[in-house]
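The basis for the numbers below is simple: all heavy atoms, side chains too, and nothing from hydrogens, waters or symmetry mates.
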Amino acid sequence: MADGEIVNGSADNQEVAPSEDAGGGKKKDSPAKDATKADAVADRTSSTELEEWLDVLGNGQLRKKVVEAGAGPDSRPQRGQNVTIHLKTTLTDGTVVEELPNVSFTLGDGDVLQVLDLTVQLMEMSEKALIEAGAKYAYGALGSSTPAVPPDADLILEVQLLSAEDAPDLELMPPSERISLANRKRERGNIHYQRTDYAFAINSYGIALQITEATSRVDISQQEEEELLDMKVKCLNNMAAAQLKLDHYEAALRSCVSVLAHQPDNVKALFRKGKVLALQGEYAEAIKTLKRALKLEPSNKTIHAELSKLVKKHSDQKGAEQAMYKKMLGNPTNASVQKHRAKSSWSLSWKWLFGATAVAIGGVALSVVIAARN
């Protein structure tokens, strides 16, 4: 699915009724008053069209200009609401990339291009705006195959805000819809991950997790509970992968542990846990974890390679530690030999002295005996 085509639940094809229809049985204005109102709207639109471009972020990379005024500042959508827009996207040379009459997404959830999340919240209901977006807020250095956008391409977007409504209450949402919504958020996270936007990926996975973990006030079957748990495990595994890419080791470890709490034999979680432990220097525990993963999937070449590399690294580390201890304490073998030699020499000297003394005493005694006889 292309960026910008994410559709959330039942928000698709729903529109907010025009404000003129909300007045019930009010009396119509006279033609003169109608003319006055039309002039006021025309003046407002004219002055708006002449406005300078709004530098949204102050860096010149994201600019917005009102083409047709909306219903006023109070009608601007809020983050977390489901919005629907009409979108036309072109390259700076005028090439039309795509035109979509109804694009629905949750504002601020990262469901669409960053340029839309940042600018639609500044729009009034029914407003039409022209938006210039630098590549970093669009498809970035990678570009896109669907729709066809070259790498590092700046874009021009024509946007009209059609509707905005509060997102449905997750607790009241049918389980099947909740599973579907969580999966869409997870898939969006996968798109961010593939584009190396790991922080955005973690955000999408986190939103999907919140959906799976929400309490339910409607009936839910055993199968639906299992599907929600399976979705939760997938999100946690994907989140761990993204956290590893950002060197968030503790967070990645927590994600893996959460998976293993539900599925102790989950090979992906075991593998990533082993990698995290290795990166933290816990080689023995990492080897133990990877061996467990390999036992579950003996033919997994990736685990084989990681385990072999880790065993060698652990061996090298032990060798380095032993060398360091020898350096710190000197050469214990030579010291021991020297000590033994000194002890032996000292012992031999005492034995010789004792023997000589005994001989001398014996000689004196013999002389006494001979003298007595004489």
May I ask whether [X] and [Y] are part of the same hydrophobic cluster, defined by side-chain heavy atoms of I, L, V, M, F, W, Y residues being less than 4.5 angstrom apart, directly or through others?
X    : Y    : result
L246 : L236 : yes
L279 : V276 : yes
V311 : L270 : yes
L122 : I131 : yes

Nearest 0.5 angstrom please: [X] [atom1] to [Y] [atom2], how far?
X    : Y    : atom1 : atom2 : answer
S204 : L209 : OG    : CG    : 11.0 Å
L290 : Y283 : CG    : OH    : 12.5 Å
L253 : Q280 : CG    : CD    : 5.5 Å
K64  : W53  : NZ    : CH2   : 10.0 Å

Of the options L113, L100, L155, which is the one that meets T89 in a side chain to side chain contact (heavy atoms under 4.5 Å, CB included)?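 The option that passes is L155.
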Single hit among L107, V112, D111 for side chain to side chain contact (heavy atoms under 4.5 Å, CB included) with D109: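 For D109, the side chain to side chain contact (heavy atoms under 4.5 Å, CB included) check succeeds only for D111.
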Would you say [X]'s side chain and [Y]'s backbone share a donor-acceptor pair under 3.5 angstrom?
X    : Y    : answer
S258 : R254 : yes
R188 : N183 : no
H192 : G110 : yes
S308 : H304 : yes
R272 : N237 : yes
S75  : M125 : yes
D117 : G108 : yes

Could you go through the salt bridge (charged side-chain N to carboxylate O under 4.0 Å, His left out) check for E213 and K232 one step at a time? CA-CA 8 Å; E213 294 172 343; K232 178 180 179 178; 3.4 Å; yes
Please step through salt bridge (charged side-chain N to carboxylate O under 4.0 Å, His left out) for the pair E187 and R184, ending with a clear verdict. CA-CA 5 Å; E187 288 178 344; R184 288 200 297 275; over 6 Å; no
Write out all pairs satisfying ring-ring contact (aromatic ring centres under 6.0 Å, His included) with one or both partners inside residues 225-258, taking only residues at least two apart or from two chains.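 Residue pairs passing ring-ring contact (aromatic ring centres under 6.0 Å, His included), neighbours aside: none found.
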Classify the side-chain pair Q81/D166 by whether it contains a donor and acceptor separated by less than 3.5 Å.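 On atom types as modelled, these side chains qualify, holding a pair under 3.5 Å.
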Taking side-chain hydrogen bond (donor to acceptor under 3.5 Å, both in side chains) as the criterion, tell me which of E225, E227, E226 meets it with Q223.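 Among the candidates, only E227 passes.
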Would you say that more than 12 heavy atoms from the other residues, nucleotides or ligands in this model lie under 6.0 Å from the CZ of F200, or not?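 No, CZ of F200 has 12 or fewer neighbouring heavy atoms, counting only those of other groups under 6.0 Å.
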More than 12 heavy atoms of other groups within 6.0 Å of D169 CG: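 More than 12 within 6.0 Å, yes.
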